[in-house]
There are 2 protein chains.
Amino acid sequence: MSAPQETDSRRRLNREEVLRTALELVDSEGLEALSMRRLGQALDRDPMGLYRYAANRADLLDGITELVLNELAIFPTDPDWQAQLRRIAHDLRLLALRHPNVVPLLVTRPLSTPLGLRPLGTLRPLEQILGLLIEAGFAPNDALHVYRAYYGFLYGHILNELQEYIVDPEENVALLRLGLHRLPARDFPNLRELAPVLADYDGEAELDEGISILLSGLAERLTTGKEAPAG
Amino acid sequence: MSAPQETDSRRRLNREEVLRTALELVDSEGLEALSMRRLGQALDRDPMGLYRYAANRADLLDGITELVLNELAIFPTDPDWQAQLRRIAHDLRLLALRHPNVVPLLVTRPLSTPLGLRPLGTLRPLEQILGLLIEAGFAPNDALHVYRAYYGFLYGHILNELQEYIVDPEENVALLRLGLHRLPARDFPNLRELAPVLADYDGEAELDEGISILLSGLAERLTTGKEAPAG
DNA sequence: GCCTAGAGTCTACGGTGTAGATGCATTCGG
DNA sequence: CCGAATGCATCTACACCGTAGACTCTAGGC
């Protein structure tokens, strides 16, 4: 009882438990480190046994994205929809920074599955944000457009920020300089000149600024009753 | 000579040729269909011989993204920067629709490679758009911010649109209805109600609308000399 | 004619996802 | 209390993967 780990290996697992250690594996060693055999040995179980909790590897990946998205709290009945959208944006950003290795999953998996057939957990944010917007007074049609603009902006920002994200900030500048120095000066003058600016990128501030612009635009469209902008 | 295909297999290949048929393979059969062996047999060559043109599989993928991005024409000296940005946006959208299977690559590869070490071809759009903006009068600092907003919006939109994209529009409605019907009504009322709206999503119009909003915001900031919005 | 260098080929190794057979333990029917 | 059945865990095996290293073959220089 002192060690509820994998040592007494006869404990019965469940899907969530499997997904959780799969997530740990991805977080610590990257996506391609996640194989059935590797996961099996992390759980001290036969790899084949895992098929009891995930139909196949793809389903495992879907489960991970679902698990991660469940970390995101949304309160669709909050009357202050702007504050809510702003908080969700920051939360999602932090979530992406916490699990950078699963961001490719977040972004990629939906591309290969028609909307209606996706894991329910991944549709929850969409549903709830639609609810939030409709509650706030948007017509359902417009709510969808607003969601697209919001979601598009968010994912765009996350991709932006993660592309320039490197764990050790010390190393950041070094690597950046190193890499940019490699660029042929005559073909990439602008990029090289902007190296220092690239190096100190404040993702949180940039996200917040962008969200402010978006929200003010949306609020105006809500009160004047015009159609919402595209995303 | 009548068939410059793979039949007389003694012709010497080059990297571009290899990448091009790799791209064809990905376009027609998906990303996971691209293996060294498969590609080798598509070129009627020994799979090992391909390592002459790509250091490894990752390099092959990088090459494909580079090849695809090269389809994008940018004229950094065009004085009408707004028209230019609008055209590029539409071109990139079409490019994504033309090669939906490589979009995951476009989006994912940069996440695993520090900016400075990326294939030069993938940095060209960044460099040239920075040039365009600086030429237009933005301070280099602001140009970077503007680029991020622009790029983030674009990629966000593409991800949005591709998630709802299905080849056969006939099937589209069917699948969508089918899928959404599967959703538990009490948990997903909004999503189910919006099914018809989801079905006819005009990506081009939505992109154009969004770009207009973005550009007008940017133009204003350019003339008033304020800082650019975040992305 | 021979030697060399390089391109093309083959084999082999350690990994992968997963189908199917097999072993095992537990529970149920009599 | 015993046998059968039922479901879970495990094992083996197959087809595929990326790629290191050895080998063969060819073309060109002397």
Side-chain angles (χ1 to χ4, degrees), chain A residues 4-19 21-26 28-66 101-102 104-105 108-109 112-113 119, chain B residues 4-26 28-65 101-102 104-105 108-109 112-113 119:
Chain A
Q5 315 273 18
E6 328 84 31
T7 31
D8 81 323
S9 77
R10 294 317 96 197
R11 265 193 51 249
R12 179 75 148 280
L13 298 173
N14 53 34
R15 180 165 222 256
E16 166 130 5
E17 216 162 339
V18 172
L19 294 179
T21 84
L23 176 57
E24 282 172 26
L25 196 56
V26 170
S28 59
E29 306 201 35
L31 260 182
E32 68 278 14
L34 177 68
S35 71
M36 292 312 217
R37 286 162 166 92
R38 264 320 249 91
L39 181 56
Q41 102 182 29
L43 285 163
D44 195 23
R45 288 292 199 297
D46 186 287
M48 282 298 111
L50 302 178
Y51 285 90
R52 205 152 289 286
Y53 309 107
N56 45 40
R57 197 182 124 92
D59 186 43
L60 196 66
L61 297 179
D62 279 338
I64 294 180
T65 69
E66 217 172 340
N101 291 336
V102 329
L105 288 186
T108 306
R109 301 288 321 156
S112 35
T113 321
Chain B
Q5 316 270 20
E6 330 83 31
T7 30
D8 78 326
S9 78
R10 294 316 96 198
R11 264 193 51 250
R12 178 77 146 280
L13 297 173
N14 52 32
R15 181 167 221 256
E16 166 128 6
E17 216 162 339
V18 172
L19 293 179
R20 203 162 288 284
T21 82
L23 175 57
E24 282 172 24
L25 196 56
V26 171
S28 61
E29 305 201 34
L31 260 183
E32 67 279 12
L34 176 68
S35 71
M36 291 312 214
R37 286 163 165 94
R38 257 335 239 86
L39 180 56
Q41 103 181 28
L43 286 162
D44 196 21
R45 288 291 198 298
D46 187 286
M48 284 295 111
L50 302 178
Y51 285 90
R52 209 155 284 291
Y53 308 107
N56 46 41
R57 197 185 123 94
D59 186 44
L60 196 67
L61 298 179
D62 279 337
I64 293 181
T65 69
N101 291 336
V102 328
L105 288 186
T108 305
R109 302 287 319 153
S112 36
T113 321

Can you tell which of [options] lies closest to the side chain of [X]?
X	options	value
Asp46(A)	dT9(C), dG8(C), dT10(D)	dT10(D)
Met36(B)	dT18(C), dT9(C), dG18(D)	dG18(D)
Asn56(A)	dT18(C), dT9(C), dG8(C)	dT18(C)
Met48(A)	dG18(D), dC10(C), dT12(D)	dT12(D)

Q: Tell whether Arg37(A) reaches the base of dG15(C) with its side chain through a donor-acceptor pair below 3.5 angstrom.
A: no

What is the distance, rounded to the nearest whole Å, between atom [atom1] of [X] and atom [atom2] of [N]?
X	N	atom1	atom2	value
Leu60(B)	dG18(D)	CG	P	9 Å
Arg38(A)	dG15(C)	CZ	C1'	12 Å
Gln41(B)	dA15(D)	CD	C1'	14 Å
Glu32(B)	dC17(D)	CD	P	11 Å
Tyr51(B)	dT9(C)	OH	C1'	14 Å
Glu29(A)	dG15(C)	CD	P	14 Å
Asp44(B)	dG8(C)	CG	P	13 Å
Asn14(B)	dA7(C)	CG	P	14 Å

Item to check | Check: Asp62(A) side chain, Pro119(A) main-chain N or O, donor-acceptor pair, under 3.5 Å | outcome: no

Exercise. Does the Asn101(B) side chain pair with the main chain of Leu31(B), one donor and one acceptor, at a distance under 3.5 Å?
Worked result: no

query: Are Arg20(B) and Glu24(B) within salt-bridge range, i.e. N to O under 4.0 Å?
result: no

Salt bridge between Arg37(B) and Asp46(B), side-chain N to carboxylate O under 4.0 Å? no

**Prompt:** Side-chain contact, heavy-atom cut-off 4.5 Å: Leu19(A) with Leu60(A)?
**Reply:** yes

Give a yes/no answer on whether the side chain of Arg57(A) brings an N or O atom under 4.0 Å of OP1 or OP2 in dT16(C).
no

- Can you check whether Arg45(A) has a side-chain N or O nearer than 4.0 Å to OP1 or OP2 of dA9(D)? no

